[in-house]
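Below: the structure, in structure tokens.
Numbering of ligands and ligand atoms starts at 1, following listing order.
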Amino acid sequence: MKQLQFAIIGYGGMGSYHATTIMPQSQELVAIKGVYDLLPERNEAAKADGFFAYGSLQELLADEKIEAVLIATPNDSHKDLAIAALKAGKHVVCEKPVAMNTAELDEILAVAESVEKVFMVHQNRRWDPDFLLIRKLYQEKPLGDLFQIESRVQGANGIPGDWRHLKKHGGGMLLDWGVHLFDQLLFLIDSPIKYIHTDLSYILGDEVDDGFHSYLTFENGVKVIIEVGTTNYVTLPRWYVKGLNGTAKISDWALNGEIIRRTQQEIAAPKPIQAGVGLTKTMAPPQEEATEKLAFPKVESPYPSFYANFYDVVVHNAAPIVKNSEVRRVLSLLESILAAGKD
Ligand code: NAD
């Protein structure tokens with residue numbers, strides 16, 4: 001099997017992670033022929049990691065042995081780099097968010113179509129074990145139909161790095177973590193959005209959002225809360241989901257948490273408990289025999305890894321797992337949230 005020869009544009013945090021961690025996991029399918037970064041020190045870092053560093057973007061694009069490029073640069077540079085690579089005859093993997101807006105994405109897709117090259121976006125969090133677990137609960141319904149899904153990521157470190165603070169580079173948390181969480185939920189729930197309201201947070205005083213709460217109702221009745229926070233010294237669970245027959249909490253990426261299912265249709269009247277300075281039956285826990293704790297189901301990705309799929313799309317004309325129409329739908333939604341601006 002011939003490996004696809006890749007070059008990487010941008011050797012910062014994510015470019016180097018692709019090079020040293022993600023791509024080696026598919027090393028029988030993809031090989032890294034070289035790297036280019038605007039900054040000399042990042043090219044030196046690539047060399048120290050054992051990679052050839054091109055002297056310029058032109059040199060990289062002119063290398064006929066390169067069949068595909070990965071773009072891992074700040075968001076505002078994706079469009080021009082993707083178009084240049086496609087026009088140079090390369091297939092393209094592009095980091096998320098794919099572009100600054102749908103007009104940019106449409107330009108890229110038009111070029112990809114005209115040169116008949118593959119363009120695919122690295123929406124890698126479709127492969128996260130915590131997401132795959134929620135997907136299993138949603139599709140296999142051990143808790144009944146899920147009617148409420150809360151998806152959160154919370155940190156206490158503010159907006160990281162430099163360009164992520166600036167609008168002109170496509171900074172802000174909606175375009176950063178938001179694009180992952182919306183991508184997961186829209187990939188999961190096969191129903192149009194009926195209602196959405198988003199509160200962007202500017203608590204840290206940056207020109208871009210440092211987090212947000214988004215409330216969605218889908219036409220199939222499922223309600224979703226998506227939250228990204230960067231000022232959370234105490235965090236809520238990564239996922240909290242409710243079905244008619246139970247509730248699941250996935251606390252973190254290591255899959256700590258619990259899944260509780262109701263075992264009896266008729267639940268005996270709860271005994272009142274002391275609550276603060278009062279009494280409550282409503283908020284008393286269900287009787288022990290009325291529920292069971294489920295083991296976390298095994299989660300294996302039902303689809304091949306990102307680079308295995310990219311290889312299949314390029315070499316065997318397979319269907320992409322991350323479809324450009326899905327990427328466009330998410331970007332269009334984020335664009336409308338940003339256009340609505342600060343509340
Ligand atoms: P970074 O700042 O760590 O690295 C970006 C690198 O690109 C820098 O080394 C910079 O010098 C270089 N660069 C900038 N413009 C360039 C150009 N025109 N040509 C060549 N090199 C250029 O940023 P990062 O965290 O690695 O983010 C890069 C991209 O990866 C962003 O789009 C980001 O959203 C994405 N990302 C994705 C994930 C994920 O999980 N999928 C995680 C982190 C970042």
Side-chain angles (χ1 to χ4, degrees), residues 6-23 25 34-49 51-61 63 66 69-85 88 90 92-101 104-105 108 119-131 153 155 157-184 187 208-209 228 230 253 305-307 309-310 321-322 327 330-331 334:
F6 259 88
I8 297 178
I9 305 178
Y11 201 73
M14 201 54 188
S16 58
Y17 185 65
H18 275 268
T20 59
T21 307
I22 310 176
M23 293 167 107
Q25 288 163 4
V35 168
Y36 170 69
D37 195 289
L38 266 186
L39 293 176
E41 60 265 34
R42 293 311 302 162
N43 287 324
E44 288 308 315
K47 284 189 206 163
D49 288 341
F51 300 111
F52 172 76
Y54 291 92
S56 68
L57 177 64
Q58 290 65 31
E59 193 192 327
L60 182 156
L61 295 178
D63 185 342
I66 297 297
V69 303
L70 161 70
I71 297 172
T73 56
N75 307 336
D76 57 320
S77 56
H78 292 178
K79 184 201 84 173
D80 287 349
L81 290 169
I83 289 177
K90 320 295 186 199
V92 173
V93 171
C94 185
E95 261 306 341
K96 50 50 62 174
V98 59
M100 300 285 277
N101 50 50
E104 285 195 356
L105 175 57
I108 300 172
F119 177 80
M120 201 163 139
V121 182
H122 189 234
Q123 289 297 161
N124 49 321
R125 294 199 174 276
R126 292 187 187 190
W127 283 263
D128 279 2
D130 56 285
F131 170 67
V153 293
N157 303 313
I159 300 174
D162 43 15
W163 61 265
R164 280 182 173 80
H165 290 261
L166 300 174
K167 238 185 210 165
K168 67 174 182 183
H169 291 307
M173 284 297 118
L174 185 69
L175 286 175
D176 195 63
W177 265 99
V179 73
H180 281 305
L181 303 194
F182 276 96
D183 179 71
Q184 288 179 333
F187 181 56
V208 294
D209 71 283
V228 173
T230 53
W253 287 291
S305 71
F306 180 86
Y307 278 108
N309 178 236
F310 183 76
I321 289 159
V322 180
V327 168
V330 171
L331 186 61
L334 302 190

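From the protein, the heavy atom lying nearest to atom 17 (C) of ligand 1 is Leu38 CG, 3.5 Å. For atom 39 (C) of ligand 1, the nearest non-hydrogen atom of the protein is Met14 CE, 3.4 Å. Counting protein heavy atoms only, atom 3 (O) of ligand 1 is closest to Gly13 N, 2.9 Å. For atom 4 (O) of ligand 1, the closest non-hydrogen atom on the protein side is Gly12 CA, 3.2 Å. In terms of protein heavy-atom proximity, atom 9 (O) of ligand 1 is nearest to Asp37 OD2, 2.6 Å. Nearest to atom 30 (O) of ligand 1 among the protein's heavy atoms is Glu95 CG, 3.3 Å. For atom 40 (O) of ligand 1, the nearest non-hydrogen atom of the protein is Asn124 ND2, 3.1 Å. In this structure, the protein non-hydrogen atom closest to atom 32 (O) of ligand 1 is Asn75 OD1, 2.6 Å.
With rounding to the nearest 0.5 Å, the separation of CG in Leu39 from OH in Tyr11 is 14.0 Å. Between His122 atom NE2 and Glu95 atom CD the span is 5.5 Å, to the nearest 0.5 Å. Between the CD1 atom in Ile321 and the CD atom in Gln123 there is a gap of 13.0 Å [rounded to 0.5 Å].
Heavy-atom minimum distance, Thr73 versus Ile9: CG2-O, 3.5 Å. Residue Glu104 comes nearest to Ala99 through the heavy atom pair OE1-CB, 3.5 Å, listed as atom of the first residue, atom of the second, then distance. Scanning both residues, Ile8 and Ala19, for their nearest heavy atoms gives CD1-CB, 3.6 Å. Heavy-atom minimum distance, His18 versus Leu70: CG-CD2, 3.2 Å.
Ligand-side atoms of ligand 1 in range of His78: 32 (O), range being under 4.0 angstrom from any heavy atom. Atoms of ligand 1 lying under 4.0 Å from at least one heavy atom of Ile9, given by number and element, are 19 (N), 20 (C). Contact atoms of ligand 1 toward Leu39: 11 (O) (distance under 4.0 Å to a heavy atom of the residue). Residue Arg42 approaches ligand 1 through these ligand atoms, each under 4.0 Å from one of its heavy atoms: 9 (O). Under a 4.0 Å criterion applied to the non-hydrogen atoms of His122, ligand 1 contributes the atoms 41 (N).
Residues Leu105 and Phe119 form a side-chain contact, since some pair of their non-hydrogen atoms from C-beta on lies under 4.5 Å apart. The side-chain heavy atoms of Met173 and Ile159, taken from C-beta on, include a pair separated by under 4.5 Å.
In the candidate list Pro97, Pro160, Ala72, Ala72 is nearest to atom 5 (C) of ligand 1, counting heavy atoms. Looking at Trp163, Tyr17, Tyr11, it is Trp163 that brings a heavy atom closest to atom 27 (O) of ligand 1. Summarising the contacts of atom 25 (O) of ligand 1 with Arg164, Glu41, His169, Lys96, the nearest heavy atom is found in Arg164.
Taking 4.0 Å as the cut-off, Pro74 counts as a neighbour of ligand 1 on heavy-atom distance. Assignment of His180 to the shell around ligand 1 is supported, since a heavy atom sits closer than 4.0 Å. Residue contact annotation: Gly170 has no non-hydrogen atom under 4.0 Å from ligand 1.
Asp183 has a carboxylate O that lies under 4.0 Å from a charged side-chain N of Arg126, or vice versa, which qualifies the two as a salt bridge.
Using a 4.0 Å cut-off between heavy atoms, Thr73 contacts ligand 1 through both its backbone and its side chain.
Paired with Phe6 under the rule side chain to side chain contact (heavy atoms under 4.5 Å, CB included), one option of Val93, Ile66, Val69, Val35 passes, and it is Val93.
Classified by interplanar angle (parallel below 30°, tilted 30° to 60°, perpendicular above 60°), the ring pair Phe310/Phe306 is parallel.
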